Chemist: 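The structure follows.
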Amino acid sequence: MTKPFLSVERLTQTYPDGSGGTTTVFENASFGIERGEFVCILGHSGCGKSTIMNILAGLASPTSGAVTMDGAEVSGPSLDRGVVFQNYSLLPWLSALKNVSFGVAARHRDWSKAQVEEHSRKFLAMVGLEGDTVLRKPSQLSGGMRQRVSIARAFANQPKLLLLDEPFGALDALTRGTIQEELLKVWSKTEQTVFMITHDIDEAILLADRILLMTNGPYARVAESVQITIPRPRNRTEIVEHPNYYAIRNHLVQFLGQRSKALSGQPSGGATQSPETVVIDKTKPAEDPEPEALLRAVND
Amino acid sequence: MVALSINQRGALLSALILIVGLLFWEAAIPEQQLASEMTEYERLMGGGAPRAAIPPPSDILAKAWEELSNPFYDAGPNDKGIGIQIGYSIYRVLSGYFLAALVAIPLGFLIGMSPVAYRALNPFIQVLRPISPLAWMPLALFVIRDSEASAIFVIFICSIWPMLLNTAFGVAAVRQDWVNVARTHELGPFRTAFQVILPAAAPTIVTGMRISIGIAWLVIVAAEMLVGGTGIGYYVWNEWNNLDLTSVIFSILMIGVVGMLLDTAFGALQRLVAYAE
């Protein structure tokens, strides 16, 4: 088996627990992401999602294990891995446009000012920010607009991997819906590889090709990799009509509600913890070679 | 009646307080009796000699008009225009101040960025900071052997601390998110310092600079009283020795006005670098 585009191998994170021992957040976690894939990771707070995100971003280093992307080991932050933070992390003294162009200029040191600005405006326009709005400071923008700027900044840099850390966590439901659709639009135009943390099951089903499910900590692991068997392009009002939607949703709810707890707290005993691939497809006709395989689990 | 804005009402009340205050002051100064109106006994008792008294505001206004209409005359070492004296003071304050900024801001950056540097330098800062700047004067005069440079040194040493501490504090308090933005964009240490940390810490740094310039202006008057020669501090002391209280009061007012202008300038700078989150 060839290595996937992004390969996380036997990642372990432990922290001192304050009484001399150590707490293991996750142990020997392993998974891969293919180029161009949109992968969401779901799990309860404290299972180490954000830690995995920080390790992928290069902002933190794991206790042991390795991450390789495109054949090279990830060590330290890089422009090849763009990050959208939950709290937007815009620089408040710069206008929306400057917040984007500052990143573009860092990426393309040889570009002229006009080139940088044109490129930045193009990506701001993709998330619906045009005209004089882009000259406003973040404090003069609504939460939704700020997150749009942050998304534009990350996409404008065209990184090999885009990391989204609960990007819509702080937004109201209506704004969230609009920006999710904008994100899908931008993503389909750029064919970016995306890895996203979320708490929102519906959001994950709408956006992702694949959802990784994490068990609770300690000794959390990526237990399942659920394929989203709903064709694209998707939109939030139509996907609920799809026969697979509720089947997948129920599976996810059931995992997060019960099995994430039941599977937690089990040391790996040194084994590599790869997720099981789960395919749920109710659209397959009855004459399918494996008719009973509505829920098929494949170990890889 | 036209409704006045709060600003206008405030200004009106200020003017009223000023006028009433000046009138009371003027009325409170006793008239000097003319020698010709005195009895011979009074004249023999020295009543005819001019009595030193607080001058009335009208005298001070006349003095101010006289001085300000020709501020840059130079009639020898003991008689220079108020503009020249203030110019010397501002020159000393600004040279000492900018030397201090040149040391304090980079050093503050270092202390703010590195917890080790903070712990290493903090004891020295804590001991040196509370020393009255004038206490350095004898040592400065002995080592530097130049009164002019010693005055500048005293300004340097008094304006360094607020700038140093505020820079260190501002730099240390820069949000980790913004630093992470710099890191994920692969900004080098210099770009991170100038594009992220400096603008993020600028409001705190400029607040320190504003405190420093205020202290420097307070200290220069005392320093010039000691070193003498030129400057507004020397001028105040010189006029006291001349028993010219009108000039003393006039120069006190000028010290206040210049101090206010310096503070206003830094206030404007503060608004320039401020940002809303």
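Order of the sequence lines sets the chain letters (A, B, ...), proteins ahead of strands, with each chain counted from 1. Please read all numbers here as calculations on a predicted model, not as lab measurements.
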Chemist: So what's closer than 4.5 Å to chain B heavy atoms on Tyr88(A): side chain, backbone, both or neither?
Modeler: neither
Chemist: How about Lys189(A): does its NZ atom have over 12 heavy atoms from other parts shown lying under 6.0 Å from it?
Modeler: yes
Chemist: A side-chain contact here means heavy atoms from C-beta on lying under 4.5 Å apart; do Lys137(A) and Tyr275(B) qualify?
Modeler: no
Chemist: If you draw a 6.0 Å radius around CZ in Phe266(B), do more than 12 non-hydrogen atoms from other residues or ligands fall strictly inside?
Modeler: yes
Chemist: Within a 6.0 Å radius of atom CZ on Phe5(A), are there more than 12 heavy atoms belonging to other residues, nucleotides or ligands?
Modeler: yes
Chemist: Side chains of Glu277(B) and Ser139(A) only: does a donor on one sit below 3.5 Å from an acceptor on the other?
Modeler: no
Chemist: Rounded at 0.5 Å granularity, tell me how far CG in Asn180(B) sits from CZ in Phe85(A).
Modeler: 5.0 Å
Chemist: How close do Arg183(B) and Gly58(A) get, heavy atom to heavy atom, and via which atoms?
Modeler: NH2-O, 3.8 Å
Chemist: Please flag which part of Ala200(B) lies under 4.5 Å from any non-hydrogen atom of chain A: side chain, backbone, both or neither.
Modeler: both
Chemist: Which pair of heavy atoms, one from Ser89(A) and one from Asp177(B), lies closest together, and at what distance?
Modeler: OG-CB, 3.2 Å
Chemist: Please work out which of the three classes, parallel, tilted or perpendicular, describes the rings of Trp178(B) and Trp93(A), given edges at 30° and 60°.
Modeler: perpendicular
Chemist: Tell me, do Leu91(A) and Gln195(B) make a side-chain contact under 4.5 Å, heavy atoms counted?
Modeler: no
Chemist: Any side-chain heavy atom of His185(B) within less than 4.5 Å of one from Leu79(A)?
Modeler: yes
Chemist: I need the minimum non-hydrogen distance between Ala276(B) and Pro92(A), along with the two atoms involved.
Modeler: O-CB, 3.5 Å
Chemist: Check whether any side-chain heavy atom of Ser78(A) lies under 4.5 Å from a side-chain heavy atom of Glu186(B), and answer yes or no.
Modeler: yes
Chemist: Chain B heavy atoms under 4.5 Å from Leu90(A): which part of the residue, side chain, backbone, both or neither?
Modeler: backbone
